[in-house]
Peer 1: 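Please read through the structure below; I'll follow up with questions.
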Protein chains: 2
Amino acid sequence: MKEHILVVDDDNDILELLEYNLSLVGYDVLGFLNTKHVRRVLSEEKIDLIIMDRNLPDIEGSLYIEMLRSKNITTPVIFLSAKDSQKDIKDGFLRGADDYITKPFDLEELLLRIKAVLGRYKQESKQNLDNLQYNDIKLDLNLHKVFIGDYEIGLTRLETSLLQLLIANKGKVLDRDFLLKHIWKDTQNIHKKTVNVAIKRLKEKIDPGKDKEYIKTIRGVGYLLA
Amino acid sequence: MKEHILVVDDDNDILELLEYNLSLVGYDVLGFLNTKHVRRVLSEEKIDLIIMDRNLPDIEGSLYIEMLRSKNITTPVIFLSAKDSQKDIKDGFLRGADDYITKPFDLEELLLRIKAVLGRYKQESKQNLDNLQYNDIKLDLNLHKVFIGDYEIGLTRLETSLLQLLIANKGKVLDRDFLLKHIWKDTQNIHKKTVNVAIKRLKEKIDPGKDKEYIKTIRGVGYLLA
DNA sequence: TTTAAATGTTTCAGTTTAGTTACAAAGAGG
DNA sequence: CCTCTTTGTAACTAAACTGAAACATTTAAA
């Protein structure tokens, strides 16, 4: 999966330079001239790294990062800065920067530092790959756990497979043959009604009150999560 | 606990400068003029960071790091170098450096970069210390003792390894293959049910009354501490 | 409204998986 | 050597899971 880098710099030339070159080496780049929409983008999109000018017109970069950190946003940050006084570098690091490069910077060095920072955070983000989620149902395949909101529920292996398949295909109707093929690995010797029972049992566990209707029945076809 | 920094530089002046100043700000510093004893020290002592000259008389610093990395030694490394060509910086990063500073370097910047690198690794190294505790179970690996609350219990070697692995991965389900691989170092010639028995024996020792349920069984998968 | 098909629900037994116990081999320490 | 502890295996028991069957309910079309 492509890594997403968010760049904030009020100098349009630098912004374009970075957008062009980072895209060239395979990153997805989102450039911004100010911090106006950064918070929203961070909450809505998967951002792996922030590259930010230390001297933004609307706010001091390091103050902005400090604010992000206080909101528990841990996305790594590399500062760019025309300043190169030790005091500024110190300030940047202290407020939560992961690296610091002074302009004029060498593009290749920046690429290497990006790679280094992303590498360090790779492990953590890796864990989130095996997380499937649908509304307030969270399925953690690493921990073999299922949460409805904050409550953990216990599912059997069959129920887990079923839920996993439903979430992975959320919005699509899965018919009995599809389910039998993918979960029971057998469409011949297994009763079709077995699926009904399995679905019923899953429904009961993820929605004991029967008021959420996560799993919808499409009569004559199959089931879907919607 | 003090963080330990291993410094390798053939320039005795720089070595002394670093030993003096890093000690001053609270690090434990071990200085070496060459790599001769570095491997041994790394295996015998708790080293949190390596600062290494890129141009050592006995070996190229980056080659040495590459060797360490190939031996699965992941201690973070900051390179010092008189060279400042981009090619050299690139080479250093590619071979597993975590940061790169060119001489003459500003001491305060070095301190900040040390702090940044150590900060990133804090989480990981934290686990490896004697932080092995889960609720009222305390595992002291130095004294080879285990306490439940204030009461010491005697565990065998196998039971201790098992408990250690469970605590180090608390909250995660460890399946039989994982346990066999990490504790028995063998997934082929050892019965899978051996794990059941070992877990049963551990359960009995840490919870004789069977009322705490430290170790949970996830049917079809494995066990976890939760 | 009636009817037939589809789906939901409950129950039960066969199967799978884990817990328990006993025992013997391997290891540690004297 | 001898003894005691540890540990792997096997046999047995207990519990959980799951498929099928029987029965109940819902749905949709006539």
Peer 1: So, does the side chain of A:Arg201 form a donor-acceptor pair with the base of D:dG19 at under 3.5 Å?
Peer 2: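 Pair found.
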Peer 1: Report the nucleotide, chosen from C:dG8, D:dA20, D:dT6, that has the shortest atom-to-atom distance to any side-chain atom of A:Lys193.
Peer 2: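 Selected nucleotide (nearest to the side chain): C:dG8.
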Peer 1: Answer yes or no: does a side-chain N or O of A:Tyr223 lie under 4.0 Å from OP1 or OP2 of C:dA6?
Peer 2: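 No, no such contact exists.
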Peer 1: B:Glu159 pairs by side-chain hydrogen bond (donor to acceptor under 3.5 Å, both in side chains) with which of B:Lys205, B:Gln164, B:Lys203?
Peer 2: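 Exactly one option meets the side-chain hydrogen bond (donor to acceptor under 3.5 Å, both in side chains) with B:Glu159, and it is B:Lys205.
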Peer 1: NA contact type, B:Lys192, heavy-atom cut-off 4.0 Å: base, sugar-phosphate, or nothing?
Peer 2: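 Result for B:Lys192 = nothing.
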Peer 1: Would you say a side-chain N or O of B:Trp184 is under 4.0 Å from OP1 or OP2 of D:dT7?
Peer 2: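 Answer no for this pair, as no side-chain N or O of B:Trp184 is under 4.0 Å from OP1 or OP2.
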Peer 1: Calculate the interatomic distance between A:Glu204 atom CD and C:dT9 atom P; express it in whole Å.
Peer 2: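 Value for this atom pair: 7 Å.
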Peer 1: Could you state the interatomic distance from CG (B:Leu162) to CZ (B:Arg157), rounded to the nearest 0.5 Å?
Peer 2: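 Separation between the atoms: 12.5 Å.
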Peer 1: Considering non-hydrogen atoms only, spot the tightest contact between A:Leu166 and A:Leu224 and give its length.
Peer 2: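 Heavy atoms only, the tightest pair is CD2-CA, 4.3 Å.
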Peer 1: Out of D:dA20, D:dT7, C:dT7, which nucleotide sits closest to the side chain of A:Arg176?
Peer 2: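 The listed nucleotide nearest to A:Arg176's side chain is C:dT7.
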Peer 1: What's A:Asp186 touching, base or sugar-phosphate or nothing? Going by heavy atoms closer than 4.0 Å.
Peer 2: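 A:Asp186: no heavy atom of the nucleic acid under 4.0 Å.
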Peer 1: In whole Å, what is the span from the NZ atom of A:Lys185 to the C1' atom of D:dG19?
Peer 2: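 For the pair A:Lys185 NZ and D:dG19 C1', the rounded distance is 18 Å.
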Peer 1: Under 3.5 Å, is there a donor-acceptor pair between the B:Asp136 and B:Tyr214 side chains?
Peer 2: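 Checked: B:Asp136/B:Tyr214 side chains pair up, N/O donor to acceptor below 3.5 Å.
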Peer 1: Does a side-chain N or O of A:Lys200 approach OP1 or OP2 of C:dT10 to a distance below 4.0 Å, or not?
Peer 2: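 Checking A:Lys200 against C:dT10: at least one side-chain N or O falls below 4.0 Å of OP1 or OP2.
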Peer 1: Do NZ/NE/NH1/NH2 and the carboxylate oxygens of A:Asp186 and A:Lys181 come within less than 4.0 Å?
Peer 2: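 Salt bridge flag = no for A:Lys181 with A:Asp186.
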Peer 1: Select one nucleotide: of C:dT17, D:dG19, D:dG8, the one nearest the side-chain heavy atoms of A:Thr194.
Peer 2: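 Among C:dT17, D:dG19, D:dG8, the one nearest the side chain of A:Thr194 is D:dG19.
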Peer 1: Mind calculating the distance between NE2 (A:His191) and C1' (C:dG14) to the nearest angstrom?
Peer 2: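 Answer to the nearest Å: 15 Å.
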Peer 1: Please give, in whole Å, the distance from D:dA10 C1' to B:Asn196 CG?
Peer 2: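 It works out to 13 Å between those atoms.
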Peer 1: I want to verify a distance call: between C:dA18, C:dT9, D:dT9, whose nearest atom is closest to the A:Val197 side chain?
Peer 2: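 In terms of side-chain proximity for A:Val197, the closest of C:dA18, C:dT9, D:dT9 is C:dT9.
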Peer 1: Using the side-chain heavy atoms of B:Arg219, tell me which of these nucleotides is nearest: C:dT7, D:dA20, D:dA16.
Peer 2: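 Nucleotide nearest to B:Arg219's side chain: D:dA16.
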Peer 1: Take B:Asn189 and A:Ile190, find for each the nucleotide of DNA chain D with the closest heavy atom, and name the residue whose nucleotide sits nearer the 5' end.
Peer 2: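 Comparing both residues, the 5'-ward one is B:Asn189.
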Peer 1: So, does B:Thr156 get its side chain near the phosphate of D:dT5, meaning an N or O under 4.0 Å from OP1 or OP2?
Peer 2: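 So the side chain of B:Thr156 is outside the cut-off, no N or O lying under 4.0 Å from OP1 or OP2 of D:dT5.
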